[in-house]
Engineer: 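Structure in structure tokens, see below.
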Protein chains: 2
Amino acid sequence: MPLTGGPGRGGHAAPGTGAPVRRRGIPDATVARLPVYHRVLTSLAERRVGVVSSDELARASGVTSAKLRKDLSHLGSYGTRGVGYDVEYLVYQIARELGLTQDWPVVIVGVGNLGHALAGYGGFASRGFRVVGLLDADPVRIGEVVVAGGEPVVVRPLADLEALVAECGVTIGVIATPAAAAQPVCDRLVGAGVTSILNFAPAVLVAPPEIGIRKVDLAVELQILAFHEQRKLGPAAVTA
Amino acid sequence: MPLTGGPGRGGHAAPGTGAPVRRRGIPDATVARLPVYHRVLTSLAERRVGVVSSDELARASGVTSAKLRKDLSHLGSYGTRGVGYDVEYLVYQIARELGLTQDWPVVIVGVGNLGHALAGYGGFASRGFRVVGLLDADPVRIGEVVVAGGEPVVVRPLADLEALVAECGVTIGVIATPAAAAQPVCDRLVGAGVTSILNFAPAVLVAPPEIGIRKVDLAVELQILAFHEQRKLGPAAVTA
DNA sequence: TAGATTGTTAATCGATTAACAATC
DNA sequence: TAGATTGTTAATCGATTAACAATC
């Protein structure tokens with residue numbers, strides 16, 4: 001886990017100058033790409049690569065080097081001209097920017113196939129997300145032990161939600177229930193104090209504006225793929 | 001399934017005029033939102049709503065009415081001034097644009113938790129995607145019967161891939177294997193004639209440029225959520 | 001006709017790109 | 001110093017927004 005490695009280099013910000021240090025306001029488009037850079041950098045670090053150029057990193061991430069440098073410039077000046085970027089250092093800076101150097105306790109509500117898949121998804125634990133609770137409304141699922149992020153987690157009844165959120169300081173909830181259960185679960189999560197919700201259920205959730213909600217529709221990408229596939233096959237076939 | 005309803009109104013394009021009919025080139029940002037409109041419209045149709053205004057549809061979709069009208073204008077003039085949009089008609093036009101009026105046979109490779117979740121995901125079947133094959137490399141999984149889109153589908157060995165793709169005319173493959181298996185499976189799908197691949201495995205796939213690949217990272221959205229959550233809590237807590 | 005709502009226009013905004021001066 | 005590569009600038013491109021003429 002190389003995320004904890006410190007700077008190891010000096011003076012990259014403007015510490016005491018009265019100048020406007022910018023900060024805040026990283027473009028959304030950049031934020032959406034940071035996880036990609038982070039993943040690529042992590043895999044480079046695992047392969048003991050010490051330094052990358054913007055050109056190499058961009059190619060591996062599927063973007064242009066101009067875009068990559070522009071993106072990174074929003075975080076600060078973390079590269080070395082004529083040399084490139086120190087992999088460990090950059091992976092740490094991106095992780096810090098994304099908030100991955102913090103511990104994020106999450107609960108997953110709904111432990112069907114998707115809930116199991118999410119709990120077992122390696123990408124969660126490796127990025128600082130810790131599954132502290134698996135909750136389900138179905139009595140037959142209660143008590144099952146699921147390995148999430150290398151740790152055994154027992155499936156608990158939905159009734160435990162409020163206590164669990166309070167006890168572990170949970171701020172992020174993941175909904176993986178059937179559509180009908182999603183809104184009530186959302187309401188209870190919000191009531192319990194959760195402030196960000198990731199929704200995998202095929203339902204549009206309503207919550208107070210201060211709650212951050214993101215919806216993942218597993219079929220959207222498939223539809224976009226079909227759209228492009230149709231274009232490839234030629235539109236004439238469709239208009240017929 | 002109201003997708004098959006025809007126009008029921010006349011003359012919405014420019015049939016025989018020599019004028020440039022535009023066509024092609026719907027902005028990517030618009031294409032990405034069409035599935036959202038489609039889903040909302042489908043649910044309106046189920047509730048027997050006949051007509052919606054851009055204002056209502058926009059609100060239900062989480063966009064502004066100006067953006068919605070702009071988006072729809074790229075497809076054609078399918079509304080009625082002073083009235084709104086005929087729900088059935090518009091849902092059909094969007095479905096046609098996305099290619100959802102065609103039958104899309106898909107194979108899912110990897111029938112673990114995620115493969116099961118995808119196979120059972122209602123959003124696939126209702127949008128014209130038909131799971132014609134579930135394939136797995138693990139012998140113990142072979143023979144299991146999974147219900148996908150209301151139809152029973154038997155899990156078959158990976159060896160059947162090429163025959164299945166040829167037999168059913170499969171053009172879209174879904175990869176839900178562990179990371180290590182993803183690239184070999186991708187290669188075989190491409191070799192078998194598949195031209196679009198949806199990748200849920202935590203691996204970056206390489207394929208010829210004419211192959212359409214989209215990657216779904218189940219953790220990316222969680223990271224973006226954490227980013228905003230961190231901002232909410234105040235950046236001071238981080239810089240400390 | 002009066003009221004409502006679309007489809008389009010023009011202005012604004014944000015993101016991408018190419019080029020290059022700064023600098024290791 | 002010469003070569004390499006960043007960080008930034010300015011130009012371009014695409015997307016969003018607000019307003020309104022067209023029209024049902």
Side-chain angles (χ1 to χ4, degrees), chain A residues 8-14 19-34 36-37 41 49-87 89-90 93-94 97, chain B residues 8-14 19-34 36-37 41 49-87 89-90 93-94 97:
Chain A
R9 184 178 315 193
H12 41 277
V21 195
R22 200 172 352 87
R23 296 280 70 191
R24 292 306 78 77
I26 296 178
D28 285 348
T30 295
V31 173
R33 283 188 294 266
L34 289 180
V36 179
Y37 305 151
L41 284 164
V49 177
V51 175
V52 271
S53 68
S54 61
D55 214 29
E56 295 163 332
L57 181 52
R59 202 181 309 274
S61 304
V63 300
T64 65
S65 65
K67 189 185 281 186
L68 176 94
R69 288 200 302 277
K70 186 71 163 176
D71 281 342
L72 295 184
S73 76
H74 288 112
L75 311 190
S77 297
Y78 296 141
T80 307
R81 290 169 199 237
V83 179
Y85 299 88
D86 182 281
V87 173
Y89 183 53
L90 188 56
Q93 292 299 341
I94 293 178
E97 197 64 50
Chain B
R9 185 178 314 193
H12 41 276
V21 195
R22 201 173 353 88
R23 295 281 70 193
R24 291 308 79 74
I26 296 177
D28 285 347
T30 295
V31 173
R33 284 187 294 264
L34 289 181
V36 179
Y37 305 150
L41 284 164
V49 176
V51 174
V52 272
S53 69
S54 62
D55 214 30
E56 295 162 333
L57 182 52
R59 202 181 311 273
S61 303
V63 300
T64 65
S65 65
K67 190 185 279 185
L68 177 93
R69 289 201 301 278
K70 185 70 162 177
D71 282 340
L72 295 184
S73 76
H74 288 113
L75 310 189
S77 297
Y78 296 141
T80 307
R81 290 168 200 238
V83 179
Y85 299 89
D86 182 281
V87 174
Y89 182 52
L90 187 56
Q93 291 299 342
I94 292 177
E97 197 64 49

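Quick note on labels: first sequence line is chain A, next is B, and so on, each numbered from 1.
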Engineer: Answer with base, sugar-phosphate or nothing: what part of the nucleic acid does A/D28 contact at a heavy-atom distance below 4.0 Å?
Structural biologist: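 Result for A/D28 = sugar-phosphate.
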Engineer: Quickly work out the B/Y37 OH to C/dT6 P distance and round it to whole Å.
Structural biologist: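 That distance rounds to 13 Å.
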Engineer: Could you say whether A/A66 or B/V52 is positioned toward the 5' end of DNA chain C, judged by the nucleotide with the nearest heavy atom to each?
Structural biologist: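 Mapping each residue to its closest nucleotide by heavy atoms, the 5'-most match is B/V52.
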Engineer: Less than 4.0 Å between a side-chain N and a carboxylate O, is that true for A/R59 and A/D55?
Structural biologist: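 Salt bridge: yes.
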Engineer: Are B/D71 and B/V63 packed together at the side-chain level, in the sense that at least one heavy-atom pair is separated by less than 4.5 angstrom?
Structural biologist: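 Side-chain contact under 4.5 Å: no.
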Engineer: Between C/dA21 atom C1' and A/R69 atom CZ, what is the distance in whole Å?
Structural biologist: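 Answer to the nearest Å: 13 Å.
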Engineer: Can you tell me how far P of D/dA15 sits from CG of B/L34, to the nearest Å?
Structural biologist: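 Rounding to the nearest Å, CG of B/L34 and P of D/dA15 are 13 Å apart.
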Engineer: Between CD of B/Q93 and CG of B/D86, what distance do you get to the nearest 0.5 Å?
Structural biologist: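 The distance works out to 10.5 Å.
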Engineer: Measure the distance from CG on A/L72 to C1' on C/dT16 and round it to the nearest whole Å.
Structural biologist: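 These atoms are roughly 15 Å apart.
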Engineer: Where the side chain of A/S73 is concerned, which of C/dA15, D/dT6, D/dG7 is the nearest nucleotide?
Structural biologist: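 Of C/dA15, D/dT6, D/dG7, D/dG7 is nearest to the side chain of A/S73.
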Engineer: Whole Å only: how far is the NZ atom of A/K67 from the P atom of D/dG14?
Structural biologist: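 Spelled out: NZ on A/K67 to P on D/dG14 is 12 Å.
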Engineer: Using heavy-atom distances to pick each residue's nearest nucleotide on DNA chain C, tell me which of A/T30 and A/V83 is more 5'.
Structural biologist: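 Nearest nucleotide further toward 5': that of A/T30.
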Engineer: According to a strict under-4.0 Å criterion, is A/R33 in side-chain N/O contact with OP1 or OP2 of C/dT16?
Structural biologist: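 Yes, A/R33 has a side-chain N/O under 4.0 Å of OP1/OP2 on C/dT16.
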Engineer: Using Watson-Crick or G-U wobble geometry with both distances below 3.5 Å, tell me the partner of C/dC13, or none.
Structural biologist: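 Partner of C/dC13: D/dG14.
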Engineer: Take the protein atom CG of A/D71 and the nucleotide atom P of C/dG14, then report the distance between them rounded to whole Å.
Structural biologist: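 Spelled out: CG on A/D71 to P on C/dG14 is 16 Å.
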Engineer: Under 4.0 Å between a side-chain N/O of B/Y85 and OP1 or OP2 of C/dA4, yes or no?
Structural biologist: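 It does not, given that no N or O in the side chain of B/Y85 lies less than 4.0 Å from OP1 or OP2 of C/dA4.
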Engineer: Hey, mind stepping through A/Y85 and A/L41 against side chain to side chain contact (heavy atoms under 4.5 Å, CB included) and telling me if it holds?
Structural biologist: CA-CA 10 Å; A/Y85 299 88; A/L41 284 164; over 6 Å; no
Engineer: Can A/L68 and A/Y37 be said to form a side chain to side chain contact (heavy atoms under 4.5 Å, CB included), step by step?
Structural biologist: CA-CA 9 Å; A/L68 176 94; A/Y37 305 151; 3.5 Å; yes
Engineer: Quick one: which of C/dT16, C/dA15, D/dT17 gets closest to the side chain of B/T64?
Structural biologist: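 Taking heavy atoms from C-beta onward, the closest nucleotide is D/dT17.
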Engineer: Please state whether the phosphate of D/dC24, meaning OP1 or OP2, lies under 4.0 angstrom from any side-chain nitrogen or oxygen of B/T80.
Structural biologist: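 Result: no.
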Engineer: Using purine N1 to pyrimidine N3 plus N6-O4 or O6-N4 for Watson-Crick, or N1-O2 and O6-N3 for G-U wobble, each under 3.5 Å, what pairs with C/dG7?
Structural biologist: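 For C/dG7, the partner nucleotide comes out as D/dC20, under the 3.5 Å rule.
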Engineer: Can you check the A/D55 CG to C/dT17 C1' distance for me, whole Å?
Structural biologist: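 From A/D55 CG to C/dT17 C1': 14 Å.
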Engineer: Check the phosphate of D/dT17 against B/K70, side-chain N and O only, distance under 4.0 Å to OP1 or OP2. Yes or no?
Structural biologist: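 Checking B/K70 against D/dT17: no side-chain N or O falls below 4.0 Å of OP1 or OP2.
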Engineer: Hey, is the side chain of B/R81 poking within less than 4.0 Å of OP1 or OP2 on C/dT8, counting only N and O atoms?
Structural biologist: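 Checking C/dT8 against B/R81, no side-chain N or O comes under 4.0 Å of OP1 or OP2.
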Engineer: Using whole Å, report how far CG of A/L68 lies from P of D/dT5.
Structural biologist: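 Whole-Å distance recorded here is 14 Å.
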